[in-house]
Amino acid sequence: MKYLSTRGRVAGLSFCEAVSMGLASDGGLLVPEKIPSLGRNIRDLGGTSYPELAFEIFKLYIDDIPELDLKQIVDKSYSNFSDPKVTPLVSVGEDYILELFHGPTLAFKDIALQFLGNVFEYILNKQNTFLNILGATSGDTGSAAIAGLKGKKNVNVFIMFPEGKTSAVQEKQMTTVMDSNIHSIAIDGSFDDCQSLLKEVFRDLSFKEELKLGAVNSVNWARVLAQTVYYFSIYIQLGMPRAFQVAVPTGNFGNIFSAYVAKEMGLPLERLILATNQNDILHRFFKTGLYRRDEVRFTSSPAMDIQVASNFERYLFYVYHSSRDKFQQFINSFESSGAARIDLSDLPENNDGFVTSSVSDLETIKRIRYTYERTGYILDPHTAVGLAAGFRKRKNEIPLVSLATAHPAKFPSLLSKALPEVRVSHPIIESLEGLPTRKRHLENDSPALKEFIKTVNQR
Ligand SMILES: *Cc1c(COP(=O)(O)O)cnc(C)c1O
């Protein structure tokens with residue numbers, strides 16, 4: 001399988017080359033030349049364990065890692081999960097929840113970042129080279145990337161977060177990691193400032209080349225690929241139904257784009273319910289055809305407080321497959337003015353199964369209460385956004401599975417608002433209590449950041 005850029009000026013990359021490049025060097029996103037179809041073989045997946053399933057799917061996309069090595073990478077990546085099923089499906093009321101929070105940092109990002117960390121390690125060993133990973137986080141990505149890369153050889157990890165603006169739990173998950181290759185950096189500023197710093201440093205091509213900077217953000221193809229696996233896992237755990245639907249709490253369009261890929265591979269995923277909080281650019285797009293950047297609103301589902309969904313360009317690429325000019329016009333228009341429009345008639349029939357809904361904070365809290373009172377199950381706020389959207393947009397008669405993207409104990413202050421009578425906890429989070437922490441404090445200033453990265457590399 002070869003990979004190419006949505007923008008057309010990068011092509012013919014192998015999987016490992018695509019992973020190392022991250023964002024395509026022409027500014028686009030990397031996609032496989034074609035999405036492989038499982039066809040009738042999909043019925044043969046019954047009874048496979050999660051790592052076996054992942055291996056079967058990855059093989060279709062990866063031909064530059066020998067199968068034995070790939071198998072080892074996969075087994076290692078999913079051995080750090082506390083549930084033997086990795087992503088167990090549970091019944092809640094009449095519907096289902098797929099728990100994606102059994103990894104080391106209790107959010108779904110572990111599923112992709114454990115794998116990506118091991119792929120990086122494999123590539124670096126093979127090429128006998130080193131890498132400096134630079135990332136910006138509003139919370140969950142940073143800790144999952146750190147957990148995926150801590151203690152690995154030939155790779156330093158620099159994660160910037162806005163000082164005082166992540167939750168206390170999220171900050172501890174980053175700053176209590178003492179491995180010498182991990183550097184948590186508190187920036188004086190907002191998450192947007194961290195992202196601007198990241199872009200500024202990546203734009204300095206000579207610095208990027210010299211320090212071999214790499215990225216772990218959600219545009220990395222390995223993350224999309226790793227996330228397709230659990231949609232197949234739903235199918236198996238449901239007993240291979242004729243059709244099913246999922247509700248996905250969405251920010252950067254990464255998780256739900258993986259659902260789309262799984263559907264294109266042949267999974268009978270009839271409806272993809274895209275749930276946003278009040279940052280509803282994607283909801284508005286599917287309704288009106290207008291994709292327009294707005295101010296970011298701060299909500300009780302902070303991992304979804306995103307306006308520009310970085311994976312969305314991949315979907316547009318498939319929508320506009322037969323019209324490269326229109327694709328380019330859309331991208332140009334959005335980059336120059338922050339707004340672009342698609343003719344609703346250019347969207348595929350039934351929008352490829354996508355239906356959308358935007359959920360308020362009040363509804364999120366109500367959904368947490370309602371679910372707890374009826375079933376005893378405790379939702380995290382992101383998951384609650386998905387359930388609320390699923391409730392509104394579901395199709396009757398086929399199973400509905402809502403994706404639980406984080407464990408509720410990661411968001412104690414919101415939970416205490418929704419369920420004051422309940423104490424949510426998790427042993428992983430309790431174990432952070434009282435541990436020593438280490439963080440570097442830097443001003444919102446790219447020369448200072450570059451200097452710090454250089455100093456670490458001279459040690
Ligand atoms: C990152 C994240 C999301 C959003 O996922 P996308 O792939 O960006 O759409 C939802 N919930 C939680 C808990 C997250 O950490």
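Count residues from 1 along the sequence. Note that ligands are numbered from 1 as they come in the structure, with each ligand's atoms numbered from 1 the same way.
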- [ ] Report yes or no: do Gln329 and Ser333 form a side-chain donor-acceptor pair below 3.5 Å?
- [x]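 The criterion, which ignores hydrogens and geometry beyond distance, is not satisfied for Ser333 and Gln329.
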Quick one: ligand 1 N/O to protein N/O pairs below 3.5 Å?
{"from": "ligand 1", "atom 1": "7 (O)", "to": "Gly254", "atom 2": "N", "distance (Å)": "3.2"}
{"from": "ligand 1", "atom 1": "7 (O)", "to": "Asn255", "atom 2": "N", "distance (Å)": "2.9"}
{"from": "ligand 1", "atom 1": "8 (O)", "to": "Asn252", "atom 2": "N", "distance (Å)": "2.7"}
{"from": "ligand 1", "atom 1": "9 (O)", "to": "Gly251", "atom 2": "N", "distance (Å)": "2.8"}
{"from": "ligand 1", "atom 1": "9 (O)", "to": "Asn252", "atom 2": "N", "distance (Å)": "3.2"}
{"from": "ligand 1", "atom 1": "9 (O)", "to": "Phe253", "atom 2": "N", "distance (Å)": "3.2"}
{"from": "ligand 1", "atom 1": "11 (N)", "to": "Thr405", "atom 2": "OG1", "distance (Å)": "2.9"}
{"from": "ligand 1", "atom 1": "15 (O)", "to": "Lys109", "atom 2": "NZ", "distance (Å)": "2.5"}
{"from": "ligand 1", "atom 1": "15 (O)", "to": "Asp140", "atom 2": "OD2", "distance (Å)": "2.6"}

Open item on the list: Taking atom CD as the centre, does Glu421 end up with more than 12 heavy-atom neighbours from other residues, nucleotides or ligands that are less than 6.0 angstrom away?
Closed with: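 Yes, the 6.0 Å shell around CD holds more than 12 heavy atoms from other groups.
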Open item on the list: On a heavy-atom basis, which atom in Asp110 and which in Ala144 lie closest, and how many Å separate them?
Closed with: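 Where Asp110 meets Ala144 most closely, the heavy atoms are OD1-CB, 3.5 Å.
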Open item on the list: I need the minimum non-hydrogen distance between Cys194 and Ile187, along with the two atoms involved.
Closed with: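 Minimum heavy-atom separation between Cys194 and Ile187: SG-CB, 3.8 Å.
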Open item on the list: Could you check whether His102 and Phe81 have their ring centres less than 6.0 Å apart?
Closed with: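 No, ring centres 6.0 Å or more apart.
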Open item on the list: Parallel, tilted or perpendicular, judged at 30° and 60°: which one describes the rings of Phe257 and Phe253?
Closed with: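 It falls in the tilted class, 30° to 60°.
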